[in-house]
Every structure is written in structure tokens, then in C-alpha cells.
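The chains referred to below are lettered A, B, ... by the order of the sequence lines, with proteins before strands, and numbering in each begins at 1. Quick caveat, the model's predicted, so the values are computed rather than measured.
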Amino acid sequence: MAKKYWLFKSEPSSFSIADLEKATNRTTCWDGVRNYQARNFLSKQIAVGDQVFFYHSNADPAAIVGIAQITKAGYPDPSAFNSKSPYFDEKSDPINPTWYCVDIKHVKTFSKPVSLTELKSNLKLKNMVLLQKGSRLSIQPVSESEWKEIIKIS
DNA sequence: GCCAACGTTGGC
DNA sequence: GCCAACGTTGGC
């Protein structure tokens, strides 16, 4: 299976790429995703070795700030069953879990982040999911050509 | 802080 | 099944 590319959004005030870099094994469980479309990517399509752009939303500036890779494919999100977690979902059944997560590992932090403004100004990237009007999806596919173009500018 | 766009909920 | 109301996301 060909390697695939993704973009994961995170608000740096809750979890930034610096936090990922500092995490044990530079790895974290990407939990708490509570959107069905994003869930489907996590549970069905994202595979070990896939590459991920780490994006800071609600940030100044909003930007792609680095790269991570998938170290563990989709598995049931433990936070959904933890009543103390802010992501607890009492309706999720452990036998047939509603929510999934993956593990990601830090690969690199860009010395020069690629800002949303730069992405928007690049015509080769106009079809990126991130740039579509009203796009709020927190886990998005990125095409190979988009990936390469962004690596080139970074 | 504002607000447009989106997803979900729940009454009917 | 429709759709209004609500809560959330996220750029500005």
C-alpha cells in the first residue's frame, strides 16, 4: 500500500508540536477526535508509516509547523471510556467502540512554519481540504503533490 | 471578541 | 424525515 499523507489540526494552547517533541518517545496518542468523518480516517485509512503535517489552528499565525508519522494504526480511543476524561462519551460501547485514535511520533519541526496565508497564496494548493471554505475537519487527507509542494516551501 | 460555517440534537 | 436551535470550530 502506498504511503499516504494527512494533516492533523491542533490548537497549540492545548497541544502543540513542541509538546509532541517533549512527549515520551516523542510519541502521543491522538485521542479525543469526536467527528465521524475524521473518525473514519482514523479507524479505516490511516496506516503505520503514513506521514502527517502538524497544523496549529487558532494560532498566530495559523500554520503547518512540522511533520509527524503514524506509529500505530487506528485503535479504540481509551478516553471515550474514561469518565474522568473531557472526551468521555457515555454512549460509546467498549464492545463496539464509536471513537478511534492513532499514535503519532514527532519527525521534525519546521524552522520556518508554512502559514495559512502562504498556503492560500499558492495556486498549486488551491484544492487542499484545509483551504476549502468552511472546512473544519481536524483530520484531513493531503495529496502527494500537495505534500511535496509544502515540503518544498518549508 | 466577533461571527460565519458546520455538525448534532431533538421536537414534531 | 424535516428543520430550528444550539454548541463548536477557527479565521480574522
Could you state the atom-to-atom distance from [atom1] of [X] to [atom2] of [N] in whole Å?
X: A/W99; N: B/dG7; atom1: CH2; atom2: P; answer: 13 Å
X: A/R34; N: C/dT9; atom1: CZ; atom2: C1'; answer: 16 Å
X: A/L119; N: C/dG11; atom1: CG; atom2: C1'; answer: 14 Å
X: A/I139; N: C/dT9; atom1: CD1; atom2: C1'; answer: 14 Å
X: A/Q140; N: C/dT9; atom1: CD; atom2: P; answer: 15 Å
X: A/Q37; N: B/dC6; atom1: CD; atom2: C1'; answer: 11 Å
X: A/L130; N: C/dG11; atom1: CG; atom2: P; answer: 7 Å
X: A/D89; N: B/dT9; atom1: CG; atom2: P; answer: 9 Å

* Residue whose closest nucleotide on DNA chain B lies nearer the 5' end, A/N58 versus A/G134 ->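 The answer here is A/N58.
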
* **Residues A/R136 and A/S57: side-chain donor-acceptor under 3.5 angstrom** =>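 Checked: A/R136/A/S57 side chains show no N/O donor-acceptor pair below 3.5 Å.
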
* Residue A/R136, side-chain atoms from C-beta onward, closest of B/dT8, C/dG10, C/dG11 ->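 That would be C/dG10.
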
* **Minimum-distance nucleotide to A/L116 side chain [options: C/dG11, B/dT8, C/dG10]** =>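 Of all the options, the side chain of A/L116 is nearest to C/dG11.
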
Does a side-chain N or O from [X] land closer than 4.0 Å to OP1 or OP2 of [N], or not?
X: A/K120; N: C/dC12; answer: yes
X: A/K133; N: B/dA5; answer: yes
X: A/Y55; N: C/dT9; answer: no

* Is there a donor-acceptor pair under 3.5 Å between the side chain of A/Q69 and the backbone N or O of A/V107? ->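 Side chain of A/Q69 to backbone of A/V107: no pair is present.
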
* **Aromatic plane relationship, A/F15 with A/W30 - under 30° parallel, 30 to 60° tilted, over 60° perpendicular** =>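 It falls in the perpendicular class, over 60°.
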
* Asked: Are the aromatic rings of A/W99 and A/Y75 close, with centres under 6.0 Å apart?
  ->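 Not close enough - the centres of the two rings lie 6.0 Å or further apart.
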
* **Under-4.0 Å salt bridge between A/R39 and A/D77** =>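 No, this pair does not count.
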
